[in-house]
Amino acid sequence: MSTKMIEHRGVVQRVEGGKALVAMETAGCASCGQGGSCGIGKMAAGRPATVLTIPVSGEVKAGDFVLIGLPESKLTLSALLGYLFPAFAMLLGAWLGASLEGSDGATALGAIAGFIAALIIARIVIGMVPNLMPAPQLILPQSRSNAFPKEHYHD
C-alpha cells in the first residue's frame, strides 16, 4: 500500500551540494478538491513564491518542474498537534481558571496559560519524536506520467 501524498508544483531555482532550492506556487494546493473555496489558497494568493530547500536524490537541474510531496498521514497528525491540541488546552485552561477563581480575568489567564502550555508540550513532543513533522519530498516528473495533468488539456 502506497502512502497518499499531498502534492504541490514547483520550479527548481538551483541545485547545490545535494540540495535543490525550489520555488512553489502560493495559490493553494488543490489536493483536497476544494479548489477556489479553499481558505488557505485565498490567504496565499498574491504572496511571493514559497522557497524550500529539499534534499535531491535524482538528476535535477535549474528550471526543472517538480512536485513537492508531503505524506498525508503525517500532515494530518501534525495539524492535530498544532491546531486541535492547543485549542483544547486553551478551553481546559479557561475552564480551570473559571472554576478556581470564577472571574473573567481568571478565565482569560487560564486560557492563555493552557494555550502556552500546549505550545510548549507540542514543541517537546516534536523534538522527542523525530519523524512526527512531515518532511517535504522532491518528486521528479519522470517518476509520474501525469505530474502536471492540467498541462495535457491545452489545445
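For this chain, numbers begin at 1 and follow the sequence in order.
With contacts defined as side-chain heavy-atom distances shorter than 4.5 Å, the pair Val12/Leu21 does not qualify.
When the side chains of ILVMFWY residues are joined at heavy-atom separations under 4.5 Å, either directly or via intervening members, Val56 and Ile54 end up in a single hydrophobic cluster. Cluster annotation: Leu119 is not connected to Ile126 through the hydrophobic network of ILVMFWY side chains, with a link wherever side-chain heavy atoms come within less than 4.5 Å.
Contacts of Arg14 classified as salt bridge (Lys or Arg N to Asp or Glu O under 4.0 Å), with partners at least two apart in sequence or in another chain: Glu16. Scanning for side chain to side chain contact (heavy atoms under 4.5 Å, CB included) contacts around Leu80 gives Leu84, with sequence neighbours left out. Under the side chain to side chain contact (heavy atoms under 4.5 Å, CB included) criterion, Ala106 pairs with Glu101, Ser103, not counting sequence neighbours.
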Side-chain polar contacts of residues 62-70 - donor-acceptor pairs under 3.5 angstrom, sequence neighbours left out - could you list them?
residue, atom, partner, partner atom, Å
Asp64, OD1, Lys61, NZ, 3.3
Asp64, OD2, Lys61, N, 3.0

Please set out all donor-acceptor pairs under 3.5 angstrom arising from side-chain atoms of residues 85-100, sequence neighbours excluded.
residue, atom, partner, partner atom, Å
Ser99, OG, Trp95, O, 3.1
Ser99, OG, Leu96, O, 3.0

Pairs under 3.5 angstrom only: tabulate donor-acceptor contacts from the side chains of residues 108-117 to other protein residues two or more places apart or in another chain.
none

